[in-house]
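Values reported hereafter were calculated over all heavy atoms of this structure, with side chains retained and with hydrogens, waters and symmetry mates removed. For reference, positions follow the sequence shown, starting with 1.
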Amino acid sequence: MTVPQTFSTDGRATVVCGIGASLPPQVRSNEDVAHDGGLATTDAWVRSRTGIARRRRAATGVATGDLAAAAGRAALESAAARPDMLLLATTTPDRRCPATAPEVAHRLGLGTIPAFDLAAVCSGFVYAMTVATGLVRSGVCGCPLVVGAETYSSIVDPHDRDTAVVFGDGAGAVLLRTGEHGEPGEVIASDLGADGSGSDLISIASGGSSAPATGTRPPRDHRYLRMRGREVYAQAVRRMTQSSRAALERAGWEPSELGAFIGHQANQRILDTVGDRLGIAPRHRFGNIRDVGNTAAASVPLALADTAARDLVRPGAPTLLTAFGGGLTWGSIALTWPAAPPHADSPHPSALSADHAPPDGRPRRHGDRSREREEHRRQDGRQQGRRQAEHRQREHQQREETPWTPSTPM
């Protein structure tokens with residue numbers, strides 16, 4: 001069942017007034033990922049099936065909260081405003097307890113504002129933005145900061161081709177505020193849905209209360225993210241198409257009226273199929289999957305920031321955002337294109353990340369011990385492989401258009 005929501009034209013309007021992004025500087029090409037995990041794949045195979053050429057990876061010591069704080073800071077610089085609430089959408093919190101959002105708010109100097117995490121996997125940002133919009137409409141807050149941030153490198157098995165070539169790390173954020181109806185960036189309508197009967201299609205088996213951590217090390221398949229690709233593909237196309245239609249109907253828009261369509265950057269073939277089924281012209285479809293891969297809850301805001309940085313859409317143009325993720329969850333938002341200039345910032349490890357790291361200073365992540373053993377076994381040949389991969393990466397970057405790199409304010 002889906003839950004459509006129209007944010008009526010009487011009372012408060014909610015407007016996107018700030019856009020921020022943060023990507024780790026380390027770029028990993030398809031060849032790098034294949035080499036690191038010993039995967040039987042090629043750059044051509046990955047590109048043809050996913051549309052992904054490269055992704056970003058968080059450096060040692062950089063956690064989700066570091067990326068979230070950087071993206072949030074950039075969004076605040078974009079808006080030149082102070083939030084009164086913070087929502088963080090993530091599947092990879094810094095710790096299982098407590099939530100990561102309160103520390104992010106503290107690092108941003110936001111005092112004791114309400115701050116909480118929201119978990120809806122790749123649909124997380126759309127869920128969080130819908131919740132934040134409702135809170136503004138109800139008068140609970142007036143200027144919420146919504147962040148989507150992930151370090152999927154901490155939960156992806158480098159030896160699993162189904163996931164290792166797909167996911168990347170990053171964070172995106174938007175600042176919302178009370179505004180006037182008709183302003184660029186106004187959130188018009190949304191649609192949310194979930195189906196728990198498909199909860200095992202995208203999952204990590206161990207670590208939760210149903211399979212808590214014990215003294216016995218769980219098997220490899222239980223420690224990392226697993227995804228049943230073919231079934232996920234079919235569900236993603238179906239759910240994002242249905243949800244997009246529901247949000248458009250609630251907004252009173254036809255697909256032909258859209259000036260921008262941004263879907264969750266999971267797979268280029270999924271995005272193409274959804275766009276075709278909705279009848280959205282290719283020139284109005286935007287994304288950055290080629291350069292950052294699937295960044296889960298960070299996917300939609302990063303694509304939004306990238307498109308805004310390229311100045312490809314006029315402020316006020318009808319816009320549709322849609323996403324699908326584990327749970328299963330899905331959602332869509334109809335809004336007008338924001339006038340806010342995107343800003344970006346680089347992540348910096350926090351003192352808390354170091355305090356809770358193992359003795360060697362790395363963040364405590366799923367599968368650390370097994371990764372260490374695998375690293376030692378491959379250490380002799382890795383240095384030469386890295387040099388070869390870097391050379392191939394430079395060749396690819398010279399042949400292709402250079403993507404927007406969020407490292408300084410735009």
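Residues passing the salt bridge (Lys or Arg N to Asp or Glu O under 4.0 Å) test with Arg285, sequence neighbours excluded: Asp276. Legend: residues meeting side-chain contact (heavy atoms from CB on, under 4.5 Å) with Ala99, ordered by chain and number and at least two apart, are Pro102, Asp117. With sequence neighbours left out, the side chain to side chain donor-acceptor pair (under 3.5 Å) criterion links Thr91 to Glu150, Tyr152. For Tyr127, there are no ring-ring contact (aromatic ring centres under 6.0 Å, His included) partners at least two apart in sequence or on another chain. Here Asp162 pairs with nothing under the side chain to side chain donor-acceptor pair (under 3.5 Å) rule; sequence neighbours left out. Every residue was checked against the side-chain contact (heavy atoms from CB on, under 4.5 Å) condition with Ala234, not counting sequence neighbours, and none meets it. Residues forming a side chain to side chain donor-acceptor pair (under 3.5 Å) with Asp84 (at least two apart in sequence, or on another chain): none. Every side-chain contact (heavy atoms from CB on, under 4.5 Å) that Ala132 has, sequence neighbours left out, goes to Leu87, Pro144, Val146, Leu176. Partners of Asp200 according to the salt bridge (Lys or Arg N to Asp or Glu O under 4.0 Å) rule, which considers only residues two or more places apart in sequence or in another chain, are Arg228. Listed by chain and residue number, nothing satisfies the side chain to side chain donor-acceptor pair (under 3.5 Å) test with Arg161 (two or more places apart in sequence, or in another chain). Not counting sequence neighbours, the partners of Pro114 by the side-chain contact (heavy atoms from CB on, under 4.5 Å) test are Met85.
The pair Glu31-Arg54 does not meet the salt-bridge criterion, since no charged nitrogen lies less than 4.0 angstrom from a carboxylate oxygen. Salt bridge status for Asp195 with Arg239: present, with a side-chain N to carboxylate O gap under 4.0 Å.
At least one side-chain heavy atom of Ile202 sits less than 4.5 Å from a side-chain heavy atom of Val232. Contact of the Asn294 side chain with the Ile289 side chain is not registered, since no non-hydrogen atoms from C-beta on lie closer than 4.5 Å. You'll find the side chain of Trp253 stays beyond 4.5 Å of the side chain of Leu320, heavy atoms only. With contacts defined as side-chain heavy-atom distances shorter than 4.5 Å, the pair Phe167/Met227 qualifies. Side-chain contact between Met129 and Val187: present, with at least one pair of heavy atoms (C-beta onward) separated by less than 4.5 Å. Between Gln235 and Phe324 there is a side-chain heavy-atom pair separated by less than 4.5 Å. Trp337 places a side-chain heavy atom less than 4.5 Å from the side chain of Leu304. Counting heavy atoms from C-beta outward, Pro301 and Ile19 have side chains that stay 4.5 Å or more apart.
With hydrogens and angles disregarded, a donor-acceptor distance shorter than 3.5 Å links the side chain of Thr90 to the backbone of Ala149. Side chain of His159 to main chain of Gly37: a donor-acceptor pair is present (N/O by atom type, distance under 3.5 Å, no hydrogens or angles). Under a 3.5 Å cut-off, the side chain of Ser78 and the backbone N or O of Pro341 do form a donor-acceptor pair. Remark: side-chain polar atoms of Thr319 are not paired, donor with acceptor, to backbone N or O of Thr336 under 3.5 angstrom. Between the Asn30 side chain and the Val46 main chain, no donor and acceptor come within less than 3.5 Å of each other. The backbone N or O of Ala63 lies less than 3.5 Å from a partner atom in the side chain of Asp66, making a donor-acceptor pair. Side-chain atoms of Arg56 come within 3.5 Å of backbone atoms of Pro24 as a donor-acceptor pair (strictly under, hydrogens ignored).
In plain terms, the two heavy atoms of Ala236 and Ile270 that are nearest each other are CB-CD1, 4.0 Å. Smallest separation of non-hydrogen atoms from Gly263 and Gln265: O-NE2, 2.6 Å. Smallest separation of non-hydrogen atoms from Gly65 and Asp94: N-OD1, 2.8 Å. The two atoms that bring Asn267 and Tyr233 nearest to each other are OD1-CE1, 4.3 Å, heavy atoms only. Listed here is the closest heavy atom pair of Ser332 and Ala247: CB-CB, 3.8 Å. Here the closest non-hydrogen pair linking Thr151 and Ala58 is CG2-CB, 4.1 Å.
For the residue pair Thr14 and Thr133, no side-chain donor N or O sits within less than 3.5 Å of a side-chain acceptor on the partner. Between the side chains of Thr64 and Thr92, a donor-acceptor pair is found at a separation under 3.5 Å.
The line from NE2 of His264 to OG of Ser299 is 5.0 Å long, rounded to the nearest 0.5 Å. To the nearest 0.5 Å, the span separating SG on Cys122 from CG on Leu328 amounts to 11.0 Å. Here Thr295 contributes atom OG1 and Asn288 contributes atom CG; the two are 7.0 Å apart, rounded to the nearest 0.5 Å. Note: Leu192 CG to Ser243 OG = 7.0 Å, rounded to the nearest 0.5 Å. Considering SG of Cys143 and CG of Leu86, their distance stands at 11.0 Å, rounded to 0.5 Å. From Phe286, atom CZ reaches atom CG of Leu271 across 13.0 Å, with rounding to the nearest 0.5 Å.
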Determine whether Val156 and Val166 satisfy the following criterion, side chain to side chain contact (heavy atoms under 4.5 Å, CB included), listing intermediate values before the conclusion. CA-CA 9 Å; Val156 165; Val166 172; over 6 Å; no
Passes side chain to side chain contact (heavy atoms under 4.5 Å, CB included), Val313 versus Thr307? Steps please. CA-CA 8 Å; Val313 185; Thr307 306; 3.9 Å; yes
Could you walk me through whether Phe125 and Leu118 pass the side chain to side chain contact (heavy atoms under 4.5 Å, CB included) test, one step at a time? CA-CA 9 Å; Phe125 179 80; Leu118 189 152; over 6 Å; no
Full working for salt bridge (Lys or Arg N to Asp or Glu O under 4.0 Å) between Arg73 and Asp345: CA-CA 7 Å; Arg73 186 179 303 108; Asp345 198 359; 2.9 Å; yes
Are Asp191 and Arg250 close enough, and set up right, to give a salt bridge (Lys or Arg N to Asp or Glu O under 4.0 Å), and what steps lead you there? CA-CA 9 Å; Asp191 174 82; Arg250 301 291 291 188; over 6 Å; no
Derivation of the side chain to side chain contact (heavy atoms under 4.5 Å, CB included) call for Asp157 and Arg226: CA-CA 9 Å; Asp157 182 352; Arg226 297 302 182 200; 3.0 Å; yes
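Checking each of Leu258, Thr322, Ile333 against Ser244 for a side-chain contact (heavy atoms from CB on, under 4.5 Å) leaves exactly one that passes, namely Thr322. No option in Asp169, Asp36, Asp291 other than Asp36 meets the salt bridge (Lys or Arg N to Asp or Glu O under 4.0 Å) test with Arg28.
Applying the salt bridge (charged side-chain N to carboxylate O under 4.0 Å, His left out) test to every pair with at least one member in residues 251-269, sequence neighbours left out, gives no pairs at all.
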